[in-house]
Amino acid sequence: MNLQNRVEHVSGLVEQACARSGRSSADVNLIAVTKYVSLETARQVLDCGLAHIGENRWQDARDKWEALGDRGTWHFIGHLQTNKVKEVIGRFTYIHSLDRLSLAKELDKRAEAGDMTVRCFVQVNVSGEESKYGLQPEEVEPFMREIASLRNLDVVGLMTMAPYEANPEETRPVFRGLRELRDELNGRAATREPLTELSMGMSNDFEIAIEEGATWIRLGSILVGRE
Ligand SMILES: *Cc1c(COP(=O)(O)O)cnc(C)c1O
């Protein structure tokens, strides 16, 4: 399948998952994860009309951002080292991996210096896998209180990654858990602004994530391919 065919294929699957769960596909935003592909392929992704690009390491994203930065909205989806914040601020509109206070403070400081705000997702380790980054669910509310005074952070929602499952249905409790956590935080007005967004779902499991309320899905292999 070429890129255009994959985009159409994935859009169809998104529509079907939305139909199954009574959602509008307008509420599900697609991030094309270009970390496995070349600059040329990333350019074709934008040429196809996709607007959101995801990368998980600045070192790998740099060439693509320098060539294409003004053509899309960039999402930093990987673990973010504090010493890379200065590269990412002003280039990536969204950070999906806010997982500690020191990172929040550095993002806020650099954003303030640049007279901007940075949109963040707090990453949560819902599955409890040791190999995964993110706060434990019970740590999220105290963390939200700690960062509430950081005025240049705009926390829009929560992000999680499910373990790879041969049967994607088994990821459902992870995605449901993230949605329930968001709803609980909103019910208790635990954040400065209500959390509207859920960043969850990858190539293997995005249909389940959509059924459980994902508003941003991050797709690499199924959409952009691997080179
Ligand atoms: C690589 C990556 C993705 C995309 O992975 P695929 O399974 O290829 O869709 C999504 N989210 C994060 C955080 C990633 O690192």
Side-chain angles (χ1 to χ4, degrees), residues 1 3 5-14 17 28-39 41-42 44-46 48 50-62 64-65 72-81 84 88 91-100 103 107 118-135 156-172 174-175 177-178 197-227:
M1 267 203 261
L3 187 58
N5 290 337
R6 281 199 298 265
V7 171
E8 282 162 21
H9 173 67
V10 166
S11 302
L13 296 175
V14 170
V28 180
N29 299 284
L30 180 57
I31 301 169
V33 176
T34 52
K35 69 186 187 196
Y36 304 121
V37 301
S38 66
L39 167 59
T41 304
Q44 288 168 28
V45 166
L46 291 160
C48 275
L50 297 173
H52 294 279
I53 300 287
E55 282 279 338
N56 70 340
R57 282 162 52 100
W58 170 243
Q59 297 91 306
D60 300 336
R62 178 181 210 126
K64 290 172 199 149
W65 192 90
T73 300
W74 291 68
H75 294 251
F76 196 90
I77 62 173
H79 180 65
L80 181 54
Q81 293 170 273
K84 293 293 184 317
V88 162
R91 296 185 169 122
F92 289 77
T93 306
Y94 291 87
I95 309 293
H96 290 244
S97 49
L98 177 55
D99 63 354
R100 58 196 190 279
L103 178 61
L107 284 164
V118 57
R119 294 183 198 159
C120 297
F121 292 83
V122 170
Q123 183 169 355
V124 188
N125 185 355
V126 179
S127 71
E129 276 181 296
E130 276 182 31
S131 59
K132 293 263 191 298
Y133 289 105
L135 296 170
V156 297
L158 305 178
M159 177 274 211
T160 201
M161 291 171 79
Y164 177 86
E165 299 286 357
N167 174 7
E169 181 59 37
E170 289 175 19
T171 62
R172 190 179 296 280
V174 172
F175 299 136
L178 195 71
E197 308 300 319
L198 292 173
S199 169
M200 58 188 197
M202 301 169 41
S203 291
N204 187 54
D205 52 27
F206 68 97
E207 295 165 274
I208 308 292
I210 290 172
E211 290 174 13
E212 294 299 330
T215 63
W216 294 88
I217 55 176
R218 310 178 307 266
L219 302 185
S221 18
I222 196 173
L223 180 69
V224 181
R226 284 177 182 251
E227 291 166 349

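These numbers come from the heavy atoms of this one structure, side chains and all, not from hydrogens, waters or symmetry mates. All ligand and atom numbering here is 1-based and tracks the order in the structure. For clarity, every value in this text was computed on a predicted model and none was experimentally measured.
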- request: Using a 4.0 Å heavy-atom threshold (strictly under), name the region of Lys35 that reaches ligand 1: side chain, backbone, both or neither.
  value: side chain

- request: Please indicate whether any nitrogen or oxygen in Gly220 is less than 3.5 Å from any nitrogen or oxygen in ligand 1.
  value: yes

field: Any Phe206 heavy atom less than 4.0 Å from ligand 1
entry: no

field: Between Ser97 and His79: side-chain donor-acceptor atoms closer than 3.5 Å
entry: no

field: Nitrogen or oxygen of Ser221 less than 3.5 angstrom from that of ligand 1
entry: yes

query: Relative to each other, are the rings of Tyr94 and His75 parallel, tilted or perpendicular (30° and 60° limits)?
result: parallel

query: Where do Thr171 and Glu165 land on the side chain to side chain donor-acceptor pair (under 3.5 Å) test, with the steps shown first?
result: CA-CA 7 Å; Thr171 62; Glu165 299 286 357; over 6 Å; no

message: Between ligand 1 and Ile222, can you find any atom pair, the residue atom being a heavy atom, that is separated by under 4.0 Å?
response: no

query: Which ligand 1 atoms does Ser203 reach within 4.0 Å, using its non-hydrogen atoms?
result: 6 (P), 7 (O), 8 (O), 9 (O)

- prompt: Would Ile77 count as a contact of ligand 1 if the rule is a heavy atom under 4.0 Å away?
  reply: yes

- request: Please report which non-hydrogen protein atom sits nearest to atom 5 (O) of ligand 1, along with the residue it belongs to and the distance in Å to one decimal place.
  value: Met202 CE, 3.5 Å

task: Determine whether the side chains of Thr93 and Arg119 contain a donor N or O and an acceptor N or O closer than 3.5 Å.
output: no

message: side chain to side chain contact (heavy atoms under 4.5 Å, CB included) for Glu212 and Met200? Distances and angles first, verdict last.
response: CA-CA 9 Å; Glu212 294 299 330; Met200 58 188 197; 4.1 Å; yes

Those atoms of ligand 1 less than 4.0 Å from some heavy atom in Leu219: 9 (O)

- request: Could you tell me whether the side chains of Trp216 and Glu197 share a donor-acceptor contact shorter than 3.5 Å?
  value: yes

query: Among all protein non-hydrogen atoms, which one is nearest to atom 11 (N) of ligand 1, and what is the separation to 0.1 Å?
result: Arg218 NE, 2.9 Å

